[in-house]
Number of protein chains: 2
Amino acid sequence: MTIRESILHIYPLPEASLLLLTELLEPVQLRKGHILLQADKVEKEVYFIEKGIVRAYAEREDSDITFWFGQEGDIVISMRSYVDQQAGYESIELLEDCNLYRVHSHTLQQLFETDIAIANWGRRFAEKELIKTEERLISRQFRTATERYQELMQHQPGLLQRVSLGHIASYLGITQVSLSRIRADIR
Amino acid sequence: MTIRESILHIYPLPEASLLLLTELLEPVQLRKGHILLQADKVEKEVYFIEKGIVRAYAEREDSDITFWFGQEGDIVISMRSYVDQQAGYESIELLEDCNLYRVHSHTLQQLFETDIAIANWGRRFAEKELIKTEERLISRQFRTATERYQELMQHQPGLLQRVSLGHIASYLGITQVSLSRIRADIR
DNA sequence: AATATCATTTTACAAATGATAAAAAATGCG
DNA sequence: CGCATTTTTTATCATTTGTAAAATGATATT
């Protein structure tokens with residue numbers, strides 16, 4: 001899937017608006033392990049993932065928890081920076097070498113103010129992410145850890161090959177040891 | 001807080017756009033216990049809460065879980081209906097007699113397509129809800145049930161007077177029995 | 001008062017998960 | 001390959017949370 005296609009997949013844009021947006025995108029290649037965005041900072045860059053996989057995590061004293069995986073076609077932002085120009089709660093780590101496209105958040109905000117199709121594209125982007133997040137919150141309450149793991153494997157069968165079990169356990173809201181037990185029980 | 005004020009609190013609208021939006025709102029009064037929106041249906045109405053409190057819940061075989069409370073200034077929608085014209089996962093129950101304003105989702109969508117300020121207002125609305133939901137997801141992983149309860153009581157001290165402990169326990173992701181134990185331990 | 005209804009707390013027991021440590025397996029690199 | 005490092009599994013025990021049922025409390029109605 002090209003960047004153009006993944007943009008249009010969120011919300012159909014007329015060609016003129018699509019051009020406005022894509023012209024601003026700068027290609028960036030970065031290596032596995034790179035920290036794309038830092039928690040507790042106001043991060044001004046927005047990234048589109050063309051190739052690769054990343055995780056968003058929040059840090060605590062000793063551990064961190066992964067609460068989002070971004071893959072081909074996804075958009076990476078520091079949500080609080082993007083919405084309110086405040087320090088964000090998430091850091092973003094590249095879990096593979098990535099091909100990204102970068103744009104300044106400010107530039108994007110200007111497009112939102114001037115191009116109605118792009119404003120609605122931004123609206124739809126937030127709405128879709130919101131649905132996914134609410135569904136995860138509900139799933140965590142209704143389903144056991146085992147069921148959540150099986151659900152994830154069904155929806156994202158390729159994830160296991162790209163992401164360590166520690167990150168997946170964290171994403172599911174359990175410890176790595178628990179996930180290992182669950183995997184042993186399923187067999 | 002008036003409806004006008006709560007709309008502007010989400011995103012500042014010029015007077016002309018604000019009028020476009022508010023002219024479409026129909027006042028509705030409904031009684032405690034009324035089911036405003038039904039899960040598994042495509043719900044076409046959007047509601048603004050002027051007075052009262054509601055809960056969004058998802059149903060399972062025998063139980064239901066509350067995952068959102070809406071109060072004065074909040075907006076009530078069936079998220080999947082609103083975004084994709086698909087059946088939603090949430091039902092909405094009025095927990096008090098409510099003064100609401102109603103607008104057809106279709107009408108709102110038309111405003112999004114024609115008024116850029118309103119499109120950005122809709123964008124900001126979704127973004128703010130998204131931040132709140134992500135923070136709850138993270139909080140559920142980082143904090144114990146006791147901490148989450150105390151956090152909620154700090155941020156929403158009035159909630160306990162308006163909502164039963166059963167709903168609050170569900171919102172926190174624990175059983176009512178657990179919450180009762182927590183409350184006993186805190187004392 | 002007596003009754004009914006609903007919300008909350010308490011109790012006892014079972015199941016799930018966490019913490020910790022250690023072993024085993026997989027991976028990366030000189 | 002062989003070694004070091006990281007990841008995953010296994011085992012043990014403590015803690016948390018869930019389930020079910022009973023007891024208590026609160027409120028309204030008769």
Side-chain angles (χ1 to χ4, degrees), chain A residues 31-34 53 55 57 60-67 69 93-97 136-153 158-187, chain B residues 31-35 53 55 57-58 60-67 69 93-97 136-153 158-187:
Chain A
R31 310 285 288 179
K32 173 176 178 169
H34 183 80
I53 188 165
R55 71 180 183 112
Y57 63 98
R60 214 174 30 168
E61 307 87 64
D62 43 358
S63 64
D64 63 57
I65 62 152
T66 299
F67 62 91
F69 293 113
E93 177 192 1
L94 306 195
L95 301 178
E96 295 174 354
D97 296 349
R136 273 185 64 199
L137 194 66
I138 295 169
S139 159
R140 190 160 294 184
Q141 217 144 331
F142 271 152
R143 302 190 212 293
T144 64
T146 306
E147 291 168 335
R148 297 203 302 277
Y149 172 70
Q150 291 177 319
E151 193 177 45
L152 182 64
M153 290 305 96
L159 200 63
L160 214 52
Q161 276 62 255
R162 304 178 78 180
V163 174
S164 81
L165 281 177
H167 293 329
I168 288 178
S170 173
Y171 179 85
L172 292 171
I174 55 178
T175 60
Q176 181 174 348
V177 176
S178 259
L179 179 53
S180 201
R181 264 194 295 238
I182 285 169
R183 285 158 57 88
D185 289 349
I186 287 174
R187 265 185 264 123
Chain B
R31 311 285 288 178
K32 173 176 177 169
H34 182 82
I35 303 299
I53 187 165
R55 72 180 181 112
Y57 63 99
R60 214 173 30 166
E61 305 88 61
D62 42 358
S63 64
D64 63 56
I65 64 152
T66 298
F67 62 91
F69 293 114
E93 178 191 1
L94 306 194
L95 301 177
E96 295 175 355
D97 296 349
R136 274 186 64 202
L137 194 66
I138 295 169
S139 158
R140 191 160 293 186
Q141 218 144 328
F142 270 150
R143 302 191 213 293
T144 64
T146 306
E147 290 169 335
R148 297 203 302 276
Y149 173 69
Q150 291 177 318
E151 193 178 44
L152 182 64
M153 291 304 96
L159 199 63
L160 214 52
Q161 276 60 255
R162 304 178 79 182
V163 173
S164 82
L165 281 177
H167 293 329
I168 288 178
S170 174
Y171 180 84
L172 291 171
I174 55 178
T175 60
Q176 183 171 350
V177 174
S178 261
L179 179 54
S180 199
R181 269 191 289 236
I182 285 167
R183 284 159 58 88
D185 289 348
I186 287 173
R187 263 185 264 123

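Order of the sequence lines fixes the chain letters, A, B, ..., with proteins taken first and strands second; residue numbering starts at 1 for each chain. In what follows, every heavy atom counts, from backbone to side chain, and hydrogens, waters and symmetry copies are set aside.
- When heavy atoms are screened at a 4.0 angstrom cut-off, B:L179 is found touching no nucleic acid atom at all.
- At least one side-chain heavy atom of A:L165 sits less than 4.5 Å from a side-chain heavy atom of A:L160.
- An OP1 or OP2 oxygen of C:dT9 is reached within less than 4.0 angstrom by a side-chain nitrogen or oxygen of B:R183.
- Checking C:dT8, C:dG18, C:dT10 against the side-chain heavy atoms of B:A184 singles out C:dT10 as nearest.
- B:Q141 and A:R140 share a donor-acceptor pair across their side chains, judged by distance under 3.5 Å alone.
- Listed pair A:T175 / C:dG18 meets the phosphate criterion, a side-chain N or O lying under 4.0 Å from OP1 or OP2.
- Between A:D185 atom CG and D:dT8 atom P the separation is 18 Å, expressed in whole Å.
- Between D:dT12, C:dT8, D:dT9, one nucleotide has an atom nearer to the side chain of A:R181 than all others, and that is D:dT12.
- Across the protein-nucleic acid pair, A:I168 atom CD1 and D:dT7 atom C1' stand 13 Å apart, rounded to whole Å.
- Note on B:S164: every side-chain N or O is 4.0 Å or more away from OP1 and OP2 of C:dA7.
- Following rounding to the nearest Å, A:I174 (CD1) and C:dA16 (P) show an atom-to-atom distance of 13 Å.
- With no hydrogens or angles considered, a side-chain donor-acceptor pair links B:R183 and B:Y149 at under 3.5 Å.
- Side-chain proximity of A:V177 to D:dT10, C:dT11, C:dT8: nearest is D:dT10.
- Ranking D:dT9, D:dT17, C:dT10 by closeness to the B:S180 side chain, first place goes to C:dT10.
- Each of D:dA21, D:dT17, C:dT8 was ranked by its minimum atom distance to the side chain of B:L165; first place goes to C:dT8.
- Side-chain proximity of A:A145 to the nucleotides C:dT17, D:dA20, D:dT9 is greatest for C:dT17.
- Note on B:Q176: every side-chain N or O is 4.0 Å or more away from OP1 and OP2 of C:dA7.
- Here the nucleotide nearest the side chain of A:S178, chosen from C:dT17, D:dT9, C:dT11, is C:dT17.
- Between the side chain of B:R55 and the backbone N or O of B:E93 there is no donor-acceptor pair closer than 3.5 Å.
- Between B:D185 and B:T146 there is no side-chain heavy-atom pair separated by less than 4.5 Å.
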